[in-house]
Amino acid sequence: MSDDIRRNMALFPIGIVMKLTDLTARQIRYYEQNELIQPARTEGKQRLFSFNDVDRLLEIKALIEKGLNIAGIKQVLQMQEPAVAPSEITVTSEAKRKELSEKDLHQLLKQQIMYRNASRYGEDALIRGELSRFFH
DNA sequence: GTTCTAACA
DNA sequence: TGTTAGTA
C-alpha cells in the first residue's frame, strides 16, 4: 500500500492543477473553502496538490457540470471516502427509527442505494452520475 | 512570473 | 464566478 502515499504527495501548484482540471484558480480555491478538497501548503502558504486532489477536483467538476451545488457534492463525496459498512448505514432499532426525521431517512436511503451500487460494480464515476440526480 | 487573500463600477 | 488590488 505504498502507492497510497504517492497519490497523496503534495506535488503541483495551482497553475498546473488549473491546466489538468480546466478549472479556474477561483473555483479551485472556492472548493477548498467549502472543504471539498484540502490541499497541502508550502511554508509560504502556497497550495500544493496531490494526484488525489486532482482526481477529486475532476470528480467535483463532473458533478458541477451535472448541475449539483456544493452541498450536494459534499454528500456524494462523503459517501465515497468513508467505506461505511452496511451495518453502519442501516437503521438498527425501532426506537432509533422513530428519532429520524424525513430528511434523515432520505439521506439514509441514498447512502444505502450508493452502497449497493458500489458493492456490485466497485467504485466509479458512473455511480456518482446515477446518484447525482437525487441532489438536483 | 506565479500565487495568495479579500473584496466588488 | 469573474476580476482586480496589493503582497509575498
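Proteins get letters first, then strands, A, B, ... in listed order; numbering begins at 1 in each.
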TODO: Give the rounded distance in Å between these two atoms: NZ of A/Lys19 and P of B/dT3.
DONE: 9 Å
- [ ] Would you mind reporting whether A/Tyr30 and A/Ile70 have side-chain heavy atoms less than 4.5 Å apart?
- [x] yes
Task: A/Ile16 CD1 to B/dT2 P, straight-line distance once rounded to whole Å - done: 11 Å
TODO: Please report, rounded to the nearest Å, how far the P atom of B/dT3 is from the CD atom of A/Glu32.
DONE: 14 Å
Open item on the list: Treating primed atoms plus P, OP1 and OP2 as sugar-phosphate and everything else as base, which nucleotides of nucleotides 1-8 of chain C get B, S or - for protein heavy atoms under 4.0 Å?
Closed with: BBB-----
Open item on the list: How close do A/Thr21 and A/Lys61 get, counting heavy atoms only, and between which atoms?
Closed with: O-CD, 3.3 Å
Open item on the list: I'd like to know if the side chain of A/Asp55 reaches the main chain of A/Asn52, judged simply by a donor and an acceptor atom lying under 3.5 Å from each other, with no hydrogens or angles considered.
Closed with: no
- [ ] Hunt down the Watson-Crick or G-U wobble partner of C/dT1, both distances under 3.5 Å, from any strand shown, or write none.
- [x] none
Open item on the list: With a cut-off of less than 4.0 Å, is there a side-chain N or O of A/Arg47 near OP1 or OP2 of B/dT3?
Closed with: no
Task: Backbone of A/Leu36 reached by a side-chain donor or acceptor of A/Asn34 within 3.5 Å - done: no
Open item on the list: Partner lookup for B/dT2, please. Criteria are Watson-Crick or G-U wobble with both distances under 3.5 angstrom; report none if nothing qualifies.
Closed with: C/dA8
Task: Rounded distance [0.5 Å steps], CG in A/Leu57 versus CG in A/Leu20 - done: 10.0 Å
TODO: Please tell me if the side chains of A/Leu77 and A/Leu63 come closer than 4.5 Å, counting only heavy atoms from C-beta onward.
DONE: yes
